[in-house]
Amino acid sequence: MALLTPDDLQNMTDALVENDNLVCTLTGLSLDRLCADIYKTEKKNEKIAIIPVTAGCGIIGRFSESLLFTVQHFGMDGFITKNTDIAGFYEAVTSGADIILMADDLAFVAYNLKSQKIAHNQICTGRVYAEILCRMPTPDAAAKEVLVIGLGKVGTPALETFLDYGYSISVFDADSRRLNEVVGGSGYRCPPNSSGKIKKYDPNAGCKFDKIFEATPAADTVPECCLTNGSVLSTPGIPCGLSKTLQEKYNVKIVQEPLGIGTLSMLYAVF
Ligand code: NAD
Ligand code: 2YG
Ligand code: MG
């Protein structure tokens with residue numbers, strides 16, 4: 001998994017605020033209300049402990065601080081434990097935390113100590129970025145088309161959301177084995193493709209997409225031929241898959257932020 005760097009998080013506070021405004025313009029809901037509606041949950045003054053974890057590649061500068069900003073920005077009570085790892089877990093529990101947030105190199109989870117609900121960042125991130133596109137008004141039902149680029153641990157759960165909303169999904173992944181698995185409806189976490197709703201993206205077919213989802217660790221993954229004026233790109237992928245030149249040429253609106261949107265989705269999943 002590509003790990004975040006302190007540089008990725010340098011502007012996350014501004015990015016979270018800007019993305020909240022953009023999501024509100026696109027969907028009519030703030031991120032907070034959107035997540036409440038996705039999971040049908042509400043916050044109830046939960047105390048959220050953020051535990052820095054030293055395992056593997058260790059503490060990432062600005063990671064815990066960005067989580068705390070997210071928690072407080074959306075009106076929740078949070079703190080970063082003074083201790084790390086297991087001592088941090090003990091501190092969180094004995095300080096009366098209701099929910100803990102913690103990440104090592106393989107998993108970033110939210111765990112509700114009272115209800116025992118648990119949420120995984122990759123699943124919740126895929127879901128919320130997909131929901132943003134699904135909740136944008138579509139002129140007619142027949143036009144429920146989306147292009148999904150990147151079919152990994154974030155892109156795959158997004159497919160389920162698009163299927164739930166009745167989308168026809170064009171997919172692309174640089175790994176042809178993964179692409180074939182997903183189109184065939186088999187393999188790791190693949191939603192069944194029984195109704196033929198998931199097809200390979202064919203760049204030669206001339207299809208343009210108003211809605212594009214991207215979750216890859218690569219740049220320049222969104223090809224010019226899929227863009228139309230005013231396309232919306234909802235992308236957790238870091239770095240951004242769309243070049244500045246193409247963004248400006250097609251007036252593409254981009255929902256992208258490195259940590260906070262996915263974290264809010266995780267919290268509502270465990271409220
Ligand atoms: P992953 O490795 O599980 O999946 C990435 C997929 O992208 C793979 O299937 C890979 O074959 C494909 N891919 C790689 N290069 C490609 C290219 N040039 N064109 C098309 N497909 C390509 O990774 P993941 O866990 O799904 O994460 C995807 C991205 O999302 C990463 O950049 C990760 O850091 C980021 N991420 C962001 C957030 C957030 O909150 N913004 C949260 C989680 C993950
Ligand atoms: O506590 C710390 O500071 C570190 N142990 C955090 C490690 C997080 C590693 N995970 C990632 O970098 C991400 N790919 C997952 C975070 C989701 C947002 N992109
Ligand atoms: Mg990318």
Side-chain angles (χ1 to χ4, degrees), residues 1-9 11-12 15-16 19 31 35 49-68 70 80-81 83-85 88-89 92 100-110 119-130 132 147-159 170-182 187-190 200-201 203 212-223 226 233-243 254-267:
M1 176 200 304
L3 300 184
L4 282 168
T5 68
D7 282 354
D8 291 332
L9 297 171
N11 302 315
M12 84 71 72
L16 189 57
N19 276 272
L31 282 169
C35 290
I50 296 151
I51 306 174
V53 173
T54 65
C57 294
I59 287 174
I60 295 175
R62 302 196 178 103
F63 187 80
S64 292
E65 294 75 11
S66 300
L67 296 182
L68 185 61
T70 302
I80 301 172
T81 58
N83 294 287
T84 64
D85 307 298
F89 182 80
I100 55 176
L101 289 172
M102 57 183 179
D104 67 9
D105 299 350
L106 294 180
F108 169 25
V109 299
H120 197 293
N121 175 260
Q122 288 159 335
I123 296 170
C124 294
T125 300
R127 175 135 191 219
V128 68
Y129 278 83
I132 289 165
L147 171 60
V148 174
I149 302 168
L151 305 171
K153 294 178 269 332
V154 175
T156 306
L159 298 176
S170 295
V171 290
F172 179 71
D173 194 291
D175 176 350
S176 57
R177 204 174 57 118
R178 180 62 187 155
L179 183 58
N180 287 329
E181 267 182 4
V182 169
Y188 179 69
R189 283 192 187 152
C190 288
K200 273 184 204 177
Y201 172 58
I212 303 163
F213 176 100
E214 197 265 16
T216 83
D220 298 324
T221 55
V222 181
C226 75
L233 171 65
S234 186
T235 177
I238 302 168
C240 186
L242 183 68
S243 69
I254 304 183
V255 178
Q256 188 198 27
E257 181 283 328
L259 188 59
I261 297 177
T263 303
L264 186 69
S265 178
M266 294 163 71
L267 289 169

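Read the numbers this way: they start at 1 and go in the same order the structure lists the ligands and their atoms. Along the sequence shown, residues are numbered consecutively beginning with 1.
- With atom 5 (N) of ligand 2 as the reference point, the heavy atom nearest to it among Thr54, Ile59, Val53 is part of Val53.
- Contact annotation: for Leu4 versus ligand 2, heavy atoms closer than 4.0 Å belong to both the backbone and the side chain.
- Residues forming a side chain to side chain donor-acceptor pair (under 3.5 Å) with Ser66 (at least two apart in sequence, or on another chain): none.
- Within the 4.0 Å heavy-atom cutoff, Ala2 counts among the residues contacting ligand 2.
- Shown in contact with Leu259 at under 4.0 Å from a heavy atom are these atoms of ligand 2, numbered in order with element: 17 (C), 18 (C).
- Less than 4.0 angstrom separates some heavy atom of Gly58 from each of these atoms of ligand 2: 4 (C), 5 (N).
- Looking at Thr216, Thr235, Ile261, it is Thr216 that brings a heavy atom closest to atom 13 (N) of ligand 1.
- Separating the OG1 atom in Thr221 from the CD atom in Glu214 is a distance of 3.5 Å, to the nearest 0.5 Å.
- The atoms of ligand 2 that sit less than 4.0 Å from any heavy atom of Pro258 are 18 (C), 19 (N).
- Counting only non-hydrogen atoms, the option in Gln122, Lys153, Met12 that gets closest to atom 1 (P) of ligand 1 is Lys153.
- When each atom of ligand 1 is checked for a heavy atom of Thr221 under 4.0 Å away, the hits are 17 (C), 18 (N), 19 (N).
- With sequence neighbours excluded, the residues that form a side-chain contact (heavy atoms from CB on, under 4.5 Å) with Asn121 are Phe108, Thr125, Met266.
- For the pair Ser170/Val148, no side-chain contact is recorded, criterion being any heavy-atom separation below 4.5 Å from C-beta on.
- The closest approach between a heavy atom of Gln256 and any atom of ligand 1 is not below 4.0 Å.
- When non-hydrogen atoms are compared, ligand 2 lies under 4.0 Å from the backbone of Asp104 (N, CA, C, O) but not from its side chain.
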